[in-house]
2 protein chains.
Amino acid sequence: MSAVRTTEKQRQRAPSKRSLETRARILDAAEWLFAERSFEGASLRDMAKLAGVHLAQVNFHGGSKEDLFFTVVARRAGELSDLRLQALDRLKACGQPTVRGILESFIHPYLDRSAHGGPQWLAYARLIAHVSADPRWRHISEACFDPVATAFAAEIAALHPGSDERKIAAALVFSVSAMLSLTTSRWRIDALAGSAEAADDGFGMETCLVDFCEAGISAVLP
Amino acid sequence: MSAVRTTEKQRQRAPSKRSLETRARILDAAEWLFAERSFEGASLRDMAKLAGVHLAQVNFHGGSKEDLFFTVVARRAGELSDLRLQALDRLKACGQPTVRGILESFIHPYLDRSAHGGPQWLAYARLIAHVSADPRWRHISEACFDPVATAFAAEIAALHPGSDERKIAAALVFSVSAMLSLTTSRWRIDALAGSAEAADDGFGMETCLVDFCEAGISAVLP
DNA sequence: GTCTATATGTAGATAGAC
DNA sequence: GTCTATCTACATATAGAC
């Protein structure tokens, strides 16, 4: 958790165990409600109710609403980045990586946490989709996600010397958008597919996504 | 404009010219503010101010806030759908269509209106991105955009008999998400590309997008 | 059709007792 | 650290004069 908290003074002492638990409950509630209703739609009052604390506690532990939003996004961003970079390291330890391998290292941690990380990770996955889709949160994306995304873009570029960095960046943004659509718009896939009901949720959706993005990225490389 | 307005009685007479102008100004203001600040972040007061009318007029012409939101999204949806279907018709008039041609028929009207349709179309493009990314507006997507999207999915499926409809639906959703990312996240392409500044906005971004999606769709077909 | 005035609820934030 | 009470501002919506 590397969030920079400019509006809050440094704590003088380590917080108590109970304080940390209260804080965690508030952040969980905020994560859920921000994901469900977006920034303005989620009220601090509802967060307090969901967390089982009183309203003033939300301000005490979270600062202003904007501070709280940033804190919630940043909280799991470090863990997600670590998972991605670890996957990339494992890949490179096995020799020359492929575009597909790099892509899977980026995509799999997100989809895996989203599907098997419990309700808070699922909420976080939806929250990331909100942050990524709204230019108003550009500064948050830049702080929390762009460093790792830049590293992955560089890995792909290194595989293809002389390729257009701008096209690689575009292809990576397209891939990220497609990945997030599995969180925001899976219902739409079912709707467009017509008859076929969404029997097994995402049985092969991750493979389908990686197939799509791998071919797309390869198509914009020289 | 085919919006169904369930909460408003049928008008008894045709509205006056001035009334129509007032209504259009209100819808333009609402379009801009909904796009800029999302549903909850945009207040009816600000819309009234931006439109140069008084607050009560917004309710009079737009109904409830949710009604107004639906009306704004539906207003240009018909035109966008028509442009897409016309492009598809022109394509089919020239013989057997290709995946790329079908894709361009879907994508180009959106990017063209977004880039050359003036500030209101640009706002509308951002608004669609909000609607598409948020499951809360699923009913609006279903009413305004899914019929045409379903038709395009069927066109692609017709080119490849025996293909998995679910994969085609997924690939189309991925493609739509990537398309919308050119509206919401073009700044991010510049950021990830590193040095290269965004000199000419989208010089070849549409081509790059279509290259990406064409390859991606082809990859999930048999 | 328009606009003043207002009804009614909720938002974010904080002061100060404990 | 916690919680009561409250401040101030703003939200959506409508009634009724013109």
Side-chain angles (χ1 to χ4, degrees), chain A residues 5-34 36-73 136-137, chain B residues 5-34 36-73 136-137:
Chain A
R5 314 172 92 244
T6 54
T7 60
E8 185 177 331
K9 291 177 197 160
Q10 289 293 323
R11 288 178 193 275
Q12 300 300 324
R13 296 208 297 254
S16 72
K17 186 181 173 190
R18 181 161 73 121
S19 173
L20 285 176
E21 285 174 359
T22 301
R23 181 185 150 92
R25 278 213 313 282
I26 290 169
L27 294 186
D28 284 350
E31 187 171 61
W32 179 265
L33 287 165
F34 279 139
E36 190 77 16
R37 306 180 193 171
S38 84
F39 181 74
E40 292 89 356
S43 76
L44 300 185
R45 288 183 146 79
D46 287 344
M47 293 171 197
K49 196 178 298 179
L50 186 58
V53 301
H54 289 116
L55 171 60
Q57 295 290 85
V58 178
N59 271 288
F60 180 82
H61 287 281
S64 76
K65 194 180 187 185
E66 282 211 36
D67 290 343
L68 178 60
F69 189 74
F70 185 92
T71 302
V72 167
V73 177
R136 290 151 75 210
W137 306 121
Chain B
R5 314 170 93 245
T6 53
T7 60
E8 184 176 334
K9 290 177 196 161
Q10 289 293 321
R11 288 176 193 276
Q12 299 300 323
R13 297 207 297 254
S16 72
K17 186 182 173 191
R18 182 161 73 122
S19 172
L20 285 176
E21 285 173 358
T22 300
R23 181 185 151 92
R25 277 212 314 281
I26 289 169
L27 293 185
D28 284 351
E31 187 172 62
W32 179 265
L33 287 165
F34 280 140
E36 191 77 16
R37 306 180 193 170
S38 85
F39 181 74
E40 292 90 355
S43 78
L44 301 184
R45 287 182 140 80
D46 287 343
M47 292 171 196
K49 196 177 298 180
L50 185 59
V53 302
H54 288 116
L55 173 60
Q57 294 289 88
V58 178
N59 270 287
F60 180 82
H61 287 282
S64 76
K65 195 181 186 182
E66 283 212 36
D67 289 342
L68 178 60
F69 190 74
F70 185 93
T71 302
V72 167
V73 176
R136 290 150 75 209
W137 305 121

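Lettering follows sequence order; numbering is per chain, from 1.
A 4.5 Å side-chain heavy-atom check between A/Leu68 and A/Asn59 finds every atom pair outside the cut-off. A 4.5 Å side-chain heavy-atom check between B/His61 and B/Val53 finds every atom pair outside the cut-off. Contact annotation: the side chain of A/Asp28 approaches that of A/Glu31 to within less than 4.5 Å [non-hydrogen atoms, C-beta and beyond].
Only one option out of B/Thr22, B/Val58, B/Val72 pairs with B/Leu27 in a side-chain contact (heavy atoms from CB on, under 4.5 Å); it is B/Val72.
Set against C/dG12, D/dG1, D/dT12, the side chain of B/Leu44 has D/dT12 as its closest nucleotide. Distances were taken from every side-chain heavy atom of B/Ser19 (C-beta onward) to each of D/dT12, C/dG1, C/dA13; the shortest belongs to C/dG1.
The 5' end of DNA chain C is approached more closely, in terms of each residue's nearest nucleotide, by B/Val53 than by the other of A/Leu55 and B/Val53.
Remark: P of C/dA13 and CG of A/Asn59 are 6 Å apart, rounded to the nearest angstrom. Remark: P of D/dG16 and CZ of B/Phe60 are 17 Å apart, rounded to the nearest angstrom. Between A/Lys65 atom NZ and C/dA13 atom P the separation is 8 Å, expressed in whole Å. Atom CD in A/Glu40 sits roughly 21 Å away from atom P in D/dA9 (whole-Å rounding). Atom CD of B/Gln57 is separated from atom P of C/dA5 by 16 Å (rounded to the nearest Å). Taking atom CE of A/Met47 as the reference point, atom C1' of C/dG12 lies 11 Å away to the nearest angstrom. Rounded to whole angstrom, the span from the CD1 atom of A/Ile26 across to the C1' atom of D/dT2 amounts to 11 Å. Following rounding to the nearest Å, A/Asp46 (CG) and C/dA11 (P) show an atom-to-atom distance of 6 Å.
Using a 4.0 Å heavy-atom criterion, one finds that A/Ala48 contacts no nucleic acid atom at all.
Using cut-offs of 30° and 60° on the angle between ring planes, the pair B/Trp137 and B/Phe69 is tilted.
At the phosphate of C/dT10, neither OP1 nor OP2 sits under 4.0 Å from any side-chain N or O atom of A/Ser43. For the pair B/Arg45 and D/dA11, the criterion of a side-chain N or O lying under 4.0 Å from OP1 or OP2 is met. The side chain of B/His61 places no N or O atom within less than 4.0 Å of a non-bridging phosphate oxygen (OP1 or OP2) of C/dG1.
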